[in-house]
Protein chains: 2
Amino acid sequence: MRDVAAASGVSQATVSFVLNDAPGQTIPAATRDRVRRAAAELGYRPHSIARALREGASRIVVLEAGGLPRGHNLSSFIAGLDEELGAAGFGLLVAYGEGVSAQAAITAIEPRAVIDLPAVYAGPDRDVADGGWIDGMVAHRLVQLRHLMERGHRAIAVAVPADDDPFLALMAGQVRDAAGELGLPSPLPLVVDGDPEKPAGLLKAGVTAVAALTDDLALSVLAALADTGLSAPGDLAVIGFDDTPHGALWRPALTTVRLDARAYGRRTARTLLGLPIGDARPAPARVISRASA
Amino acid sequence: MRDVAAASGVSQATVSFVLNDAPGQTIPAATRDRVRRAAAELGYRPHSIARALREGASRIVVLEAGGLPRGHNLSSFIAGLDEELGAAGFGLLVAYGEGVSAQAAITAIEPRAVIDLPAVYAGPDRDVADGGWIDGMVAHRLVQLRHLMERGHRAIAVAVPADDDPFLALMAGQVRDAAGELGLPSPLPLVVDGDPEKPAGLLKAGVTAVAALTDDLALSVLAALADTGLSAPGDLAVIGFDDTPHGALWRPALTTVRLDARAYGRRTARTLLGLPIGDARPAPARVISRASA
DNA sequence: TTGTAAGCGTTATCAG
DNA sequence: CTGATAACGCTTACAA
């Protein structure tokens with residue numbers, strides 16, 4: 001920066017003003033040009049550590065994605081964040097809960113903000129941080145259930161995990177709400193705990209289809225079905241939610257729903273940066289119709 | 001830090017010396033104690049940004065895991081890195097190639113080192129950076145092939161991807177080497193490109209088993225088998241490599257091999273930190289014997 | 001054995 | 001409109 005200042009015959013302060021488009025400064029176009037040109041020629045790159053020291057926080061935001069299902073929906077949310085944050089000159093770091101040293105790294109970074117999606121889901125002030133993702137969730141579950149209804153199913157169970165993850169519990173509630181909105185009877189829970197007899201038991205109760213909270217849960221159900229000589233969708237239709245890459249590899253290939261979480265990611269980023277939401281309008285959820293339902 | 005200095009009646013420099021066990025400084029135990037106690041009482045936490053500015057690099061190392069298969073082996077490698085780096089006060093960041101803003105974040109961090117595993121595999125000076133992981137690879141492939149041999153297979157194909165990832169190409173070479181060491185004929189390549197007829201064609205060529213470069217490739221083979229009315233291991237035995245969580249969900253459940261990559265992670269970290277390798281001795285690879293082979 | 005002071009590269013305040 | 005200058009929190013010669 002000192003070199004740029006020298007090369008363009010101004011002070012470091014002026015360089016800073018120009019390069020950051022500092023508001024409330026009135027610098028002649030000629031000077032600005034000279035500074036910018038010099039910066040470009042010298043290959044000036046702001047030193048982010050120094051900037052972070054000065055600003056009290058780095059221009060990095062962290063997304064804690066610890067317990068989240070890792071499918072297309074998350075990737076897509078991340079892509080959205082990436083886009084907007086990148087455009088604003090911010091960096092994005094995704095933490096998948098790798099371990100202590102990862103936590104150490106994150107605190108060392110002094111991020112500008114951290115988006116803790118799992119925590120957000122638990123708390124009440126959600127829409128602030130997730131760009132409305134959650135609030136749209138019931139609508140997305142509608143898409144999932146509707147696909148089943150269109151195929152003649154009304155007795156639908158919902159596959160939930162054995163452990164009680166708060167995030168997944170919230171999802172379960174959304175499925176119930178969606179079922180209510182569609183005038184469906186409240187869905188029976190199918191607790192996925194490795195017992196291959198569970199789905200067969202459901203059949204006896206008259207259930208004809210299962211909507212899973214996540215693709216992985218759906219896959220577990222398919223596995224249990226296969227283990228007991230049953231098959232999807234003949235004996236039981238199964239639909240997932242997340243579009244993980246390995247859902248497509250299964251046989252029968254998993255039917256699932258894919259969200260346009262990218263728009264939510266963009267909205268999250270924009271609110272985080274204090275920008276207007278803009279045009280990031282999420283497309284409706286889409287059923288990826290494969291073989292299992 | 002100023003407060004700690006004041007509280008213990010010494011200068012900031014002394015505080016720094018004590019807290020970092022600066023070599024070549026001879027500070028009486030009494031003083032050291034006072035300083036440490038004060039630091040603890042005041043809850044002093046070194047400011048990593050300031051430190052990074054001063055040192056020219058943060059105490060963070062980045063692992064670029066972009067194109068790598070994401071199964072147990074990678075997680076285990078990461079766990080090993082995590083352990084050693086954490087113990088040395090370093091942070092670890094894993095970059096899964098999320099996008100531009102992630103790259104921006106990484107450069108903004110000025111990491112002490114970056115371990116670019118994919119690049120390492122391509123380059124010649126590998127054992128420097130991966131703790132000998134690669135060099136042990138042939139031995140691990142031996143385990144994979146031996147499992148097949150023990151079940152009477154000698155005509156073995158290797159499932160490789162359609163695109164030519166340099167990392168996977170390297171793996172393919174290791175399988176060939178392992179086959180040679182076992183006195184097996186050079187394995188035919190099974191190019192996994194979504195064509196479900198490929199495995200059936202292999203059968204005609206007399207092949208009875210497939211060793212896949214990764215679990216995902218193995219799963220694709222299983223899917224192709226299912227699509228053509230064949231099954232594993234009856235028609236074709238299939239063994240994966242990586243122990244991904246969804247391999248266990250498939251039916252037939254995928255037999256695969258799991259590495260003790262944790263030890264390699266630890267070794268990588270230690271060489272990176274300039275420490276002696278120590279006791280991190282990798283256990284031999286283990287076959288996770290499920291249904292597919 | 002301890003303290004002083006320079007400096008890491010920015011940004012922001014305040015005079016000119 | 002522009003330029004000194006003072007922080008930000010830490011490390012490390014060098015002095016005492």
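What's counted below: heavy atoms across the whole structure, side chains too, no hydrogens, waters or symmetry copies. Everything numeric here is computed off the predicted structure, so don't read it as measured data. Just so we're on the same page: letters track the sequence lines, and every chain starts at 1.
Residue pairs meeting the side-chain hydrogen bond (donor to acceptor under 3.5 Å, both in side chains) criterion with at least one partner in residues 69-81 of chain B, sequence neighbours excluded, are B:His72-B:Arg258, B:Asn73-B:Asp242.
For A:Glu64, the salt bridge (Lys or Arg N to Asp or Glu O under 4.0 Å) criterion is met by no residue, not counting sequence neighbours. Partners of B:Arg59 according to the salt bridge (Lys or Arg N to Asp or Glu O under 4.0 Å) rule, which considers only residues two or more places apart in sequence or in another chain, are B:Glu55. For A:Tyr44, the ring-ring contact (aromatic ring centres under 6.0 Å, His included) test picks out no residue, with sequence neighbours left out. Qualifying side-chain hydrogen bond (donor to acceptor under 3.5 Å, both in side chains) partners for A:Gln25, counting only residues two or more places apart in sequence or in other chains: none. Residues satisfying the side-chain contact (heavy atoms from CB on, under 4.5 Å) criterion with B:Ser58, sequence neighbours excluded, are B:Ala52, B:Ile60, B:Ile109. Every residue meeting the ring-ring contact (aromatic ring centres under 6.0 Å, His included) condition with B:His246, not counting sequence neighbours, appears here in chain and number order: A:His246.
Contacts between residues 6-21 of chain B and DNA chain D, defined by a heavy-atom separation below 4.0 Å, involve B:Gln12, B:Ala13, B:Ser16, B:Phe17, B:Asn20, listed by number. The stretch residues 36-52 of chain B has no heavy atom under 4.0 angstrom from DNA chain C at all.
Across the protein-nucleic acid pair, B:Glu55 atom CD and C:dG7 atom P stand 19 Å apart, rounded to whole Å. Distance CD1 (B:Ile27) to C1' (D:dT11): 13 Å, rounded to an integer number of Å. Distance CG (B:Leu53) to P (D:dC8): 14 Å, rounded to an integer number of Å. One interatomic measurement links the two molecules: CZ of A:Arg2 to P of C:dC8, which rounds to 6 Å at whole-angstrom precision. Separating the CZ atom of B:Arg59 from the P atom of D:dC10 is a distance of 12 Å, rounded to the nearest angstrom. Rounded to whole Å, atom C1' of D:dA7 lies 17 Å from atom CE of B:Met1. At whole-Å resolution of the value, CD in B:Gln25 and P in D:dT12 are 10 Å apart.
Counting only N and O atoms by type, the side chains of B:Asp243 and B:Thr256 include no donor and acceptor under 3.5 Å apart.
When all heavy atoms are compared, the tightest approach of A:Asp165 to A:Gly67 is OD2-O, 4.2 Å.
One N or O donor and one acceptor, one from the side chain of A:Arg54 and one from the base of D:dA7, sit under 3.5 Å apart.
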